[in-house]
Every structure is written in structure tokens, then in C-alpha cells.
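Here, residue 1 is the first one in the sequence, and each next residue gets the next number.
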Amino acid sequence: MARQSDTKQRIMQTARELFARQGVQQTSLQEIADRLGITKPALYYHFTSREDLVRSIVTPLLDDGEKFLSRMEQRSDVTPREIVEGFFDFHHRHRKDMLLLLTEMTTLAELGLIDVVLAWRGRLTRIVFGPDAPLWQQTRAVLAFGGLQDCTMQFPDAPFDELKAAAVEAACAALGTDS
């Protein structure tokens with residue numbers, strides 16, 4: 001018999017696959033249970049709702065993002081390039097779940113998760129340009145960090161080192177910084 005954590009992980013993986021292919025709202029909990037060969041009550045033992053399941057999938061991403069931002073905010077010596085490189089690594093590591101976030105904006109907005117991710121860009125802007133950045137710098141930051149995020153999803157089969165080098169250079173150029 002599978003341990004609870006193994007079953008929970010299997011449910012999350014199957015849900016992630018079905019959500020990516022069909023969408024969150026178009027995927028029923030019964031369909032997930034059927035795919036796994038478990039009963040719907042067994043699925044409910046692990047997740048009380050579809051929203052609970054979605055939240056469990058994106059929570060590690062949100063926690064990791066929060067840890068990254070907190071580390072950057074605590075450092076006075078962090079360079080824009082280091083922030084860009086770290087943000088790229090974070091997004092590359094979580095690109096599949098970020099794609100889920102972007103394709104299911106309505107569902108995730110209802111869960112309050114979109115606001116969290118968008119607030120990250122504001123925090124990154126303050127780290128790079130300070131709390132009173134004018135609109136032109138805020139715009140550069142949105143282009144740099146949003147574009148960096150998009151590159152990790154747009155080019156999923158690109159070699160990591162090559163993609164990182166190209167994306168980091170482009171993001172630093174958008175920010176108007178070499179360091």
C-alpha cells in the first residue's frame with residue numbers, strides 16, 4: 001500500500017498534467033481519481049477541493065519565490081545582474097507551474113495567487129531602482145522581469161546555459177545595467 005505522501009504526490013502530478021492539458025476548470029476531481037485508479041473519497045482525503053489541490057501545486061513555487069525575494073531584500077550588496085540571474089533560475093526551476101499560473105489566471109486570481117506573483121515585480125523593482133523609481137525605471141523592470149519569466153516558458157527545450165546567458169543579458173539591457 002502506498003504511503004499517504006506518495007499518494008498525495010501522485011494526485012498532484014496527475015492533476016498538474018491534466019490541468020496543463022485541459023485547464024483547471026475543465027478537469028474534475030473524479031477524472032483525476034479515475035486516472036489514478038482511486039476513489040473520489042480517497043482523493044478528498046488528501047485534498048478538500050479543487051482549489052485546495054491547485055493551491056498545493058503552486059504553494060512550493062510561491063514559497064520558493066518568497067524566500068528568493070526575502071534574501072535579495074536583506075542584502076545591501078546585491079547587484080542587478082545577481083537578482084536577474086537568481087530570478088531566471090527560480091523561474092526555470094518552476095516553469096511548468098508558472099505556465100499553469102499564466103494559463104489559469106481567473107482561477108488563480110480567485111485564490112489570490114496572481115496578486116502575490118505580480119507584487120514580486122514591484123519588490124524586484126524596489127530592490128534594483130529603490131522605493132521611488134520613476135515610471136520609466138518601473139517600466140524597464142516590468143519588461144526585464146516579465147520577459148525573463150516568459151523566456152523560461154517560451155523556450156522549454158533550449159539548453160539551460162545558453163538560454164540563461166541570453167535571457168540575463170537581455171534583462172540587464174532592459175534594466176539599463178551591466179552589473
Side-chain angles (χ1 to χ4, degrees), residues 1-74 83-124 142 145-164 167-168 171:
M1 179 157 171
R3 294 178 327 173
Q4 177 183 347
S5 60
D6 292 341
T7 301
K8 191 170 190 170
Q9 290 303 313
R10 287 180 46 233
I11 292 169
M12 289 170 59
Q13 184 56 41
T14 299
R16 186 180 280 116
E17 291 166 8
L18 289 171
F19 291 162
R21 189 170 65 236
Q22 301 171 181
V24 171
Q25 295 303 322
Q26 292 71 35
T27 303
S28 70
L29 293 180
Q30 184 64 59
E31 186 174 2
I32 295 167
D34 289 347
R35 185 98 175 275
L36 288 164
I38 63 173
T39 65
K40 194 171 175 182
L43 192 146
Y44 275 116
Y45 174 77
H46 298 282
F47 300 100
T48 59
S49 65
R50 179 181 15 225
E51 291 77 18
D52 182 35
L53 180 53
V54 171
R55 191 177 301 278
S56 73
I57 290 171
V58 297
T59 294
L61 173 149
L62 296 172
D63 291 347
D64 193 22
E66 188 58 40
K67 286 176 189 171
F68 167 73
L69 281 166
S70 293
R71 279 193 317 271
M72 296 299 105
E73 289 170 329
Q74 292 172 5
I83 294 166
V84 168
E85 288 175 347
F87 200 60
F88 176 88
D89 291 343
F90 161 74
H91 277 284
H92 193 271
R93 190 168 48 253
H94 294 287
R95 65 189 175 279
K96 289 180 182 175
D97 291 335
M98 287 302 294
L99 192 56
L100 173 64
L101 281 172
L102 295 174
T103 59
E104 290 295 331
M105 293 289 266
T106 303
T107 300
L108 296 163
E110 290 170 1
L111 294 172
L113 301 175
I114 298 302
D115 294 335
V116 171
V117 174
L118 292 177
W120 289 350
R121 289 187 189 169
R123 291 170 67 188
L124 289 164
V142 167
F145 294 115
L148 191 71
Q149 174 184 0
D150 290 350
C151 284
T152 63
M153 291 175 278
Q154 184 73 31
F155 307 108
D157 299 324
F160 175 81
D161 292 336
E162 185 179 339
L163 180 60
K164 182 175 180 176
V168 167

Legend entry - Pairwise distance CD(E51) to OG(S56) - rounded to 0.5 angstrom: 11.5 Å

Inset, instruction - Identify the heavy atoms of L148 and V84 that sit nearest to each other, and give their distance. - result: CD2-O, 3.4 Å

Inset, instruction - Rounded to the nearest 0.5 Å, what's the gap from CG on L61 to CZ on R95? Could you check? - result: 12.5 Å

Legend entry - CD-CD distance between E31 and Q22, expressed to the nearest 0.5 angstrom: 4.0 Å

Inset, instruction - Would you mind reporting whether Q26 and F19 have side-chain heavy atoms less than 4.5 Å apart? - result: no

Legend entry - F160 vs F155, ring-ring contact (aromatic ring centres under 6.0 Å, His included): CA-CA, chis, key distance, verdict: CA-CA 10 Å; F160 175 81; F155 307 108; over 10 Å; no

Inset, instruction - Check side-chain hydrogen bond (donor to acceptor under 3.5 Å, both in side chains) between Q13 and all other residues, then give those that pass, not counting sequence neighbours. - result: R16, E17

Inset, instruction - Look up atom CD1 in I32 and atom CZ in R10, then write down how far apart they are to the nearest 0.5 Å. - result: 12.5 Å

Inset, instruction - Using the test salt bridge (Lys or Arg N to Asp or Glu O under 4.0 Å), find all partners of D52 that sit at least two apart in sequence or belong to another chain. - result: none

Inset, instruction - Measure from the side-chain N and O atoms of R123 to the backbone N and O of W120, and report whether any donor-acceptor pair falls under 3.5 Å. - result: no

Legend entry - Steps toward salt bridge (charged side-chain N to carboxylate O under 4.0 Å, His left out) verdict (K40, D34): CA-CA 8 Å; K40 194 171 175 182; D34 289 347; over 6 Å; no

Inset, instruction - Report yes if the side chains of T7 and L36 come closer than 4.5 Å at any heavy-atom pair, otherwise no. - result: no

Legend entry - Within 6.0 angstrom of E162 CD, more than 12 heavy atoms from elsewhere: no

Inset, instruction - Supply the atom-to-atom distance S49 OG to L29 CG, rounded to the nearest 0.5 angstrom. - result: 7.5 Å

Inset, instruction - Just jot down the side-chain hydrogen bond (donor to acceptor under 3.5 Å, both in side chains) partners of R121, sequence neighbours excluded, or say none. - result: Q149

Inset, instruction - Evaluate side chain to side chain contact (heavy atoms under 4.5 Å, CB included) for F88 paired with L163, printing each intermediate quantity in order. - result: CA-CA 10 Å; F88 176 88; L163 180 60; 3.9 Å; yes

Legend entry - I83 side chain near F145 side chain, heavy-atom distance below 4.5 Å: yes

Legend entry - Whether F90 and H94 hold their rings parallel, tilted or perpendicular, with breakpoints at 30° and 60°: tilted

Inset, instruction - State, to 0.1 Å, how close A15 and I57 come at their nearest heavy-atom pair, and which atoms those are. - result: CB-CD1, 4.1 Å

Inset, instruction - Output the distance between atom CG (D6) and atom NZ (K8), rounded to the nearest 0.5 Å. - result: 12.5 Å

Inset, instruction - Could you tell me whether the side chain of R50 and the main chain of T27 form a donor-acceptor pair under 3.5 Å? - result: yes

Inset, instruction - Evaluate side chain to side chain contact (heavy atoms under 4.5 Å, CB included) for M72 paired with L124, printing each intermediate quantity in order. - result: CA-CA 9 Å; M72 296 299 105; L124 289 164; 5.7 Å; no

Inset, instruction - Quick one: closest heavy-atom pair of H92 and T152, and the distance? - result: N-CG2, 3.7 Å

Legend entry - Test item: L18 and T14 side chains (from C-beta on) under 4.5 Å apart, heavy atoms: yes

